[in-house]
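Heavy atoms only: backbone and side chains are in, while hydrogens, waters and symmetry mates are out.
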Amino acid sequence: MTAAIFYIIGALLVCANVGSFAELLVVSVLSGVGSGLGMTAGPVYISEVAHQELRGKMTTFYNVNIMGGVAGSYWIN
């Protein structure tokens, strides 16, 4: 939940940015913290709720999908 709050605040501030470099830095830090918290919350949650036999496979599948999305967006852009 905290990650979403940081990320939403960062997104709203980016939309309201009037060209201030200091505001751009603050927004980048807020969005980065929100994104980082979101990226770590997923595997932690999966490893907590998954059965012991599937824990590693499910966490690996999560990370492979994240990296596949990053690679796909890189190649599309």
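Between the CZ atom of Arg55 and the OG1 atom of Thr60 there is a distance of 12.5 Å, given to the nearest 0.5 Å. For the atom pair CG of Asn63 and CE of Met58, the computed distance is 12.0 Å after rounding to the nearest 0.5 Å. Put simply, CG on Leu25 and CG on Leu30 are 11.5 Å apart, with the number rounded to the nearest 0.5 Å. Atom CG of Leu37 sits about 11.0 Å away from atom CD1 of Ile5, to the nearest 0.5 Å. The distance from the CG atom of Leu24 to the CG atom of Leu13 is 11.0 Å, given to the nearest 0.5 Å.
Screening Ile9, Ile8, Val14 for a side-chain contact (heavy atoms from CB on, under 4.5 Å) involving Leu12 leaves a single residue, Ile8.
Ile76 shares a hydrophobic cluster with no other residue; no ILVMFWY side chain has heavy atoms under 4.5 Å from its own. In the hydrophobic clustering, Val44 connects to no other residue, as no ILVMFWY side-chain heavy atoms lie under 4.5 Å from its own.
Leu54 is not connected to Tyr45 by any chain of hydrophobic side-chain contacts under 4.5 Å among Ile, Leu, Val, Met, Phe, Trp and Tyr, and they are in different clusters. A continuous path of ILVMFWY side-chain contacts below 4.5 Å connects Val29 to Val26, so both sit in one hydrophobic cluster.
Side-chain contact between Tyr74 and Val70 is absent, with no heavy atoms from C-beta onward closer than 4.5 Å.
No donor-acceptor distance shorter than 3.5 angstrom exists from the side chain of Thr59 to the backbone of Gly56, with no hydrogens or angles considered. Looking at Ser31, its side chain never comes within 3.5 Å of a backbone N or O of Ser28 through a donor-acceptor pair.
In terms of heavy-atom proximity, Gly38 sits nearest to Tyr62 at O-OH, 3.9 Å.
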